[in-house]
K.L.:
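One structure, pasted below without further comment.
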Amino acid sequence: MSQHALLSAGTKAWRSLACSRSELRLDLTLGCGQSFRWRETGDGHWTGVMGGRVWTLTQTDDTLWYHTYNSPNTTAEGDGRKRKAGALLQGSKGSGKRSKGVKEQEDEEPVAVTPDPDRKEEDLLNDYFQLKVKLGDLYSEWGEADPHFKSIANIFTGVRMLRQDPAECLFSFICTSNNHISRIQGMVERLCQSLGTPLCQLDQTSYHDFPSLHALADNSVEACLRDLGFGYRARFLQQSARQILDSHSGHQWLQGLRSAPYLQARDALRTLPGVGPKVADCVCLMSLDKACVVPVDTHVWQIAKRDYSCAAGNGQKSLTDKVHREIGDFFRHLWGPYAGWAHSVLFCADLKKFQKLKETPSLKQEEEEKKVKIKVEGEGMGRNKKIRKTCDRKVKKYVKEEEVE
DNA sequence: GACTCACCTTT
DNA sequence: AAGGTGAGT
């Protein structure tokens, strides 16, 4: 039986791409709840389905390594079939610290061993991780505009927005209401395993493609998903799929929203059952190229109040449309055209599972933080106040520009 | 336009 | 009580 690939078993079955940790951190980017399809299958090794194939990804300091698996259904290109089970070096350090472990145990030369004639896989990765967007430059800009961001940025580097398939993103996020990441992951996994095309099996785990629109739209789907523990979301999924297929022209409609202006795309998505402001914004940001969108949930609202003394919705009990708008505008303003990307960094830094990264900062990080603190105390409040004052005016301008986009 | 509550399931 | 939506007031 096939096994999950491990870089420590040798680089023969792997290809690589130059990519530093400051541009991409797999653990944060794949684990922060934007995609629910990736699992850590080995120390620092992430396995998931993307672009209709199964991938394992891992990284060393300046290199992103990738391995894809053959599946019966895919017309196999002669890619690395040699997954030697011989040297299964299982965590030679035996530590649970993943990023550290990888750094220590892997010093291979960043050489692409197996050729990828079409560069098809390289293209897929470049597109999925949007590697042409220079994250380091954006972090600098956000840090300039926002002292609090700067204090987080030293630890949470390389948090990047994925460019996901719109359908997968939409149906995954319909599952997110009243829900948390670990349970959503389980639901999406069950969704794929019961309705998606099987791709391959590795170490007792079977990997499936995300279900097609047709599979999701079938009348039997609601009952099926209720059995799988989807609750009231079961109906939303089936009905949304049905509606996209019937009243819209299927996949083309979803894909087409990539070139539509933000507000238009968001309104279009909101006609679907189970899609409110939060889900629509997530789909816009994570699959429809709307980098400026800041999806607002109760969590982001807390961050706005706690870390930015943002007054938006202060007298409110619940997250109304108005509060959504105000918080979104506030952050769009602070961070600019890639505000949605910046938001995901803060969001990530606030997740319980990543809190341990803050506990043992390296000496270098501590020094950086001291510097930041001094700066923040000097100019922080004044700057925030100023931003808030000019918020309304600038936002109108911003939206206008966007509508023309 | 803005607010409340029921809806599922798990912690 | 939760990382939300939709129907009703």
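We use all heavy atoms of the structure for the numbers below, so side chains are in, but hydrogens, waters and symmetry mates are not. Sequence lines set the chain letters: A, B, ... in the order given, protein chains first and strands last, and positions in each chain run from 1.
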K.L.:
What is the first contacted nucleotide of DNA chain C and what is the last, in 5' to 3' order, if contact means an atom lying under 4.0 angstrom from a heavy atom of chain A?
P.N.:
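So the outermost contacting nucleotides come out as C:dG3 to C:dG6.
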K.L.:
Mind checking whether A:F156 and A:F149 have ring centres under 6.0 Å apart?
P.N.:
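No, they do not, as the ring centres are separated by 6.0 Å or more.
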K.L.:
Atom pairs under 3.5 Å, N or O on each side, protein against nucleotides 4-11 of chain B: can you list them with distances?
P.N.:
{"from": "B:dC8", "atom 1": "O2", "to": "A:R233", "atom 2": "NH2", "distance (Å)": "3.3"}

K.L.:
Using a 4.0 Å heavy-atom cut-off across all strands, classify A:L272 as base, sugar-phosphate, or nothing.
P.N.:
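A:L272: backbone/sugar contact only, no base atoms under 4.0 Å.
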K.L.:
Hey, does A:P295 reach any base, or is it just sugar-phosphate, or nothing, if we go heavy atoms under 4.0 Å?
P.N.:
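Answer is nothing: A:P295 stays at 4.0 Å or more from every strand.
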K.L.:
What does A:I181 touch in the nucleic acid at a heavy-atom separation under 4.0 angstrom: a base, only the sugar-phosphate, or nothing?
P.N.:
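Base contact.
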K.L.:
Among all residues two or more places apart in sequence or in another chain, which pass the salt bridge (Lys or Arg N to Asp or Glu O under 4.0 Å) test with A:R183?
P.N.:
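A:R183: no salt bridge (Lys or Arg N to Asp or Glu O under 4.0 Å) contacts found.
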K.L.:
Do the non-hydrogen side-chain atoms of A:L285 and A:M161 ever get within less than 4.5 Å of each other?
P.N.:
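The answer is yes; the side chains approach within 4.5 Å.
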K.L.:
List the residues meeting salt bridge (Lys or Arg N to Asp or Glu O under 4.0 Å) with A:D227, not counting sequence neighbours, and say none if there are none.
P.N.:
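Checked A:D227 against salt bridge (Lys or Arg N to Asp or Glu O under 4.0 Å); zero matches.
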K.L.:
Taking A:R15 first and then A:E122, would you say they form a salt bridge - that is, a charged N and a carboxylate O separated by under 4.0 Å?
P.N.:
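Salt bridge between A:R15 and A:E122, a charged N being under 4.0 Å from a carboxylate O: no.
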K.L.:
Across the strands shown, which category fits A:V279 at heavy-atom distances under 4.0 angstrom: base, sugar-phosphate, nothing?
P.N.:
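Sugar-phosphate contact only.
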K.L.:
If pairs are Watson-Crick or G-U with both distances under 3.5 Å, what is the dot-bracket string of DNA chain C, marking crossing pairs with [ ] and pairs to another strand with |?
P.N.:
||.||||||
K.L.:
Do A:R39 and A:E189 sit within salt-bridge range, that is, some charged N less than 4.0 Å from a carboxylate O?
P.N.:
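A salt bridge is present here (some side-chain N lies under 4.0 Å from a carboxylate O).
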K.L.:
Of the non-hydrogen atoms in A:L225 and A:A234, which two are nearest, and what is the gap between them?
P.N.:
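Taking every non-hydrogen atom into account, CB-CB, 3.7 Å.
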K.L.:
Quick one: does A:Q201's side chain have a donor or acceptor within less than 3.5 Å of a partner on A:S2's backbone?
P.N.:
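Side chain of A:Q201 to backbone of A:S2: no pair is present.
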K.L.:
Taking only residues two or more places apart in sequence or in another chain, which ones pass salt bridge (Lys or Arg N to Asp or Glu O under 4.0 Å) with A:R163?
P.N.:
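Here the qualifying residues are A:D127, A:D289.
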